[in-house]
Amino acid sequence: MMALIRTVVCLGLFLSVAFPVHAADVDVTRTTVVQDRKAHEYPGWVRRILGTKADTHKLPEVSNPTPYAETQPTTPFYETTPGFLHAPYGPPSFGPPFGTTHLLGDWGGVQPWLQSRGLYLAVDVYEDLAGNVAGGKKRDYTVAGQVGTTLDVDWNRVLHSRAWARDLWLHMLVVNGHGRNLSRLFGDNSNQVQQIYGSRGNVIAHLVWAYFEKAWLDRRVDLSVGWIPTGVFFQNSPWVCNFMNVWLCGGESPTKFLRGGRGWPSGNIGGVLRVMPIKQLYVMGGLFAVSPHNYNGGISGWSWAQDGLGKLSTQAEIGWIPAFGRDHLAGHYKVGAMYDNARYEDLYEDIHGNSWVLTGQPARRQSGQTSVWVIVDQMLVRRGAGEMNGLILGGYYAYASGQTSQINHSFMAVLMDTGALWHRPLDSVGIAFLWAGFSRSAILSQEAAAGRGLALPGGNFGMPYGIQGHETIYEAYYGFHIADGLSIKPDFQYVNHVGGTTVFRDAVVLSTAMNVAF
């Protein structure tokens, strides 16, 4: 009889591991972790198998951006005031929360040992094979990717629960990038069809962010100070990096291509203060040093003391994060603005108000650069407990000063869902429409240069091959969740008016990305 009981218990343990609760069947309820009060009633050999770990009931599985293959149980966002790293506008990490999703499990006990001491470490490898199978300047393909490492330090645990260290964190991300830029190869200097490319430099370790975060009043007031990519706090949402195109991922275009608003992987010295009086509303402001160089912090990101950092960029954003109805249909509604008080050369006018291309006079120096944005998304149907686990409609509009920014209008619309309908709740699928219009000042200068047979002038979106007007991109992806910490994402992009011109035929780009969070 005893042998039979042992067999049944072991079989039950095996089945509980081999056949976990299906994510689509998990109730949308508050995450509750309780200790099994009856554990002491089991025989000693069973207690040794079970250990002293907490028993988990009704833990939701998250189906968030598939590049990070997230399945970590987490408290629904509408039930708690999040810190920046948890927030629907904070920096994307390699798993939720603080890098706790790993393909290799707990690293043989190393991860629990580190996390019990307040150290959250994640290593992530991303590789993307992409090629334009039709159109463009020429047909080509590239492999681009990066190896990234995040370290998040909970000083409350490191310092053994000191009162002043509560909600005090250090966040750090370092990447090593490689590959060639496919868009440049097929003639598009204005856009990038690969999510992981550019601004990393040919260095072993490129610093993306390193900043302290401190929260007060149950995280209703949150301050971050250090080396911060502005575009991952502002003009950002949790769904943007579901898509490959860089006009979306890492902050939105055109703001992220302005010196005062450079986003991931470029950082800026500065700080961000967020006030969240209620869970559904936040007001956020930031102040950052503006780098006059092509690379913030040098090519490696570690050179914080660059020359010429006397100007400042100010950003502000207000956001409403509702959860409608009994299904908590999540939404993100944001409006923001940036003002950079540095001076920039006018794309068309010289010091007398005429075309500098024709007169040869110095370009007029415009004081200040402005950008505004509106970002909206709304879950229409919920499939599970995760913030992105459902049918979601979203989009954004952004504007930048056309006198100094080559692109001054952009608009995007997206529709996303999970694979719950075909019993793949941790997969995701999405389509996007992306459009950008080039500024009148940039176009006038290009027309003036073409009339004189001169090289066409460019700007912050690169050198054009012809007179620019607008560029439109259609994108579709499917993200396969293979295992915790492992995902594969095929992607299709159709590029109309490559580089904003009609010089080349429209390009068709196919790619497949693999992400492994070790």
Legend entry - Derivation and outcome, side-chain hydrogen bond (donor to acceptor under 3.5 Å, both in side chains), residues Thr404 and Gln369: CA-CA 7 Å; Thr404 54; Gln369 194 171 59; 2.8 Å; yes
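- Listed by first and then second residue, the salt bridge (Lys or Arg N to Asp or Glu O under 4.0 Å) pairs that reach into residues 492-518 come to none, sequence neighbours excluded.
- With sequence neighbours excluded, the residues forming a side chain to side chain donor-acceptor pair (under 3.5 Å) with Ser291 are Gln306, listed by chain and number.
- A salt bridge does not link Asp340 with Arg259: none of the charged nitrogens is closer than 4.0 Å to a carboxylate oxygen.
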Inset, instruction - Run the numbers on Gln192 and Trp247 for side-chain hydrogen bond (donor to acceptor under 3.5 Å, both in side chains), then give the verdict. - result: CA-CA 7 Å; Gln192 293 180 8; Trp247 275 358; over 6 Å; no
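- Here Thr149 contributes atom OG1 and Asn176 contributes atom CG; the two are 9.5 Å apart, rounded to the nearest 0.5 Å.
- Residues meeting the side chain to side chain donor-acceptor pair (under 3.5 Å) test with Gln280, sequence neighbours left out: none.
- Residues Gln406 and Pro464 come closest through the heavy atom pair NE2-CD, 4.4 Å.
- Asp188 places a side-chain N or O within 3.5 Å of a backbone atom of Asn191 that can act as its donor or acceptor partner.
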Inset, instruction - Go through the steps for Gln361 and His352 under the test side-chain contact (heavy atoms from CB on, under 4.5 Å), then give the verdict. - result: CA-CA 8 Å; Gln361 296 292 314; His352 302 296; 4.3 Å; yes
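- With sequence neighbours excluded, no residue satisfies side chain to side chain donor-acceptor pair (under 3.5 Å) with Thr501.
- Panel note: side chain Arg382, backbone Leu391; no donor-acceptor pair is recorded below 3.5 Å.
- Classified by interplanar angle (parallel below 30°, tilted 30° to 60°, perpendicular above 60°), the ring pair His171/Trp169 is parallel.
- Listed for the Gln195 side chain is a donor-acceptor partner under 3.5 Å among the backbone atoms of Cys241.
- The main-chain N or O of Leu185 is never found under 3.5 Å from a side-chain atom of Asp140 such that the two would form a donor-acceptor pair.
- Under a 3.5 Å cut-off, the side chain of Gln493 and the backbone N or O of Tyr474 do not form any donor-acceptor pair.
- Listed here is the closest heavy atom pair of Gly368 and Tyr339: CA-OH, 3.5 Å.
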Inset, instruction - Report the C-alpha separation of Phe411 and Tyr396 in whole Å, then their side-chain angles, then the decisive distance to 0.1 Å, and conclude whether the ring pair (Phe, Tyr, Trp, His ring centres under 6.0 Å) test is met. - result: CA-CA 6 Å; Phe411 170 79; Tyr396 83 83; 8.0 Å; no
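- Residue pairs meeting the ring-ring contact (aromatic ring centres under 6.0 Å, His included) criterion with at least one partner in residues 483-506, sequence neighbours excluded, are Tyr465-Phe504, His470-His497.
- Screening residues 431-453 for salt bridge (Lys or Arg N to Asp or Glu O under 4.0 Å), with sequence neighbours left out, gives no hits.
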Inset, instruction - Might you work through the side-chain hydrogen bond (donor to acceptor under 3.5 Å, both in side chains) test for Gln366 and Ser401, ending with a clear yes or no? - result: CA-CA 10 Å; Gln366 297 287 352; Ser401 306; over 6 Å; no
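- The main-chain N or O of Gln468 is found under 3.5 Å from a side-chain atom of Gln446 such that the two form a donor-acceptor pair.
- Screening Val232, Asn236, Val246 against Trp264 for a side-chain contact (heavy atoms from CB on, under 4.5 Å) leaves a single residue, Val232.
- Contacts classified as salt bridge (Lys or Arg N to Asp or Glu O under 4.0 Å) and involving residues 233-244 (residues at least two apart or in different chains) are not found.
- A 4.5 Å side-chain heavy-atom check between Tyr126 and Met514 finds every atom pair outside the cut-off.
- Here the closest non-hydrogen pair linking Val357 and Pro457 is CG2-CG, 4.3 Å.
- Scored by the side-chain contact (heavy atoms from CB on, under 4.5 Å) test, His332 finds Pro88, Ser237, Pro238, Ile321, Lys334, Asp377, Glu387 as partners (sequence neighbours excluded).
- With hydrogens and angles disregarded, no donor-acceptor distance shorter than 3.5 Å links the side chain of Glu127 to the backbone of Ala513.
- Here Leu258 contributes atom CG and Lys256 contributes atom NZ; the two are 11.5 Å apart, rounded to the nearest 0.5 Å.
- Shown here are the side-chain contact (heavy atoms from CB on, under 4.5 Å) partners of Pro254, two or more places apart in sequence or in another chain: Ala398, Ala400, Ser405, Ile407, Ser410, Phe461.
- Separating the OG1 atom in Thr142 from the CG atom in Leu129 is a distance of 7.5 Å, to the nearest 0.5 Å.
- When all heavy atoms are compared, the tightest approach of Val414 to Leu393 is O-CD1, 3.4 Å.
- Heavy atoms only, all atoms of each residue included: Glu471 and Ser190 are closest at OE1-CB, 3.8 Å.
- Remark: side-chain polar atoms of His409 are not paired, donor with acceptor, to backbone N or O of Trp435 under 3.5 angstrom.
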Legend entry - Pair Trp227-Ile269, side-chain contact (heavy atoms from CB on, under 4.5 Å): steps then yes or no: CA-CA 5 Å; Trp227 187 255; Ile269 297 174; 3.5 Å; yes
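- Sorted by first and then second residue, the pairs that involve residues 343-360 and meet salt bridge (Lys or Arg N to Asp or Glu O under 4.0 Å), not counting sequence neighbours, are Glu349-Arg364.
- The side-chain contact (heavy atoms from CB on, under 4.5 Å) test with Leu415 singles out one residue from Ile392, Val429, Ile431, and that residue is Ile431.
- The ring pair (Phe, Tyr, Trp, His ring centres under 6.0 Å) test with Tyr282 singles out one residue from Tyr333, Phe234, Phe233, Tyr89, and that residue is Tyr89.
- Here the CG atom belonging to Asn132 is positioned 5.5 Å from the CZ atom belonging to Phe186, to the nearest 0.5 angstrom.
- Atom CE of residue Met172 and atom CG of residue Leu207 lie 5.5 Å apart, to the nearest 0.5 angstrom.
- Checking side-chain atoms of His206 against main-chain N and O of Val174 turns up no donor-acceptor pair under 3.5 Å.
- Judged purely by atom type and a 3.5 angstrom limit, Glu213 uses its side chain to pair as donor or acceptor with the backbone of Phe84.
- The line from CH2 of Trp304 to CG of Asn296 is 12.5 Å long, rounded to the nearest 0.5 Å.
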Please tabulate, for side-chain N and O atoms in residues 309-316, each donor-acceptor pair with protein atoms closer than 3.5 Å (sequence neighbours left out).
from, atom 1, to, atom 2, distance (Å)
Ser313, OG, Gly260, O, 2.7
Gln315, NE2, Thr230, OG1, 3.2
Gln315, NE2, Gly260, O, 3.4

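- Annotation: side chain to side chain donor-acceptor pair (under 3.5 Å) contacts of Ser511 (sequence neighbours excluded): none.
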Legend entry - Thr512 vs Ile488, side-chain contact (heavy atoms from CB on, under 4.5 Å): CA-CA, chis, key distance, verdict: CA-CA 7 Å; Thr512 298; Ile488 295 177; 3.8 Å; yes
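- Heavy atoms only, all atoms of each residue included: Asn268 and Ala289 are closest at OD1-O, 3.7 Å.
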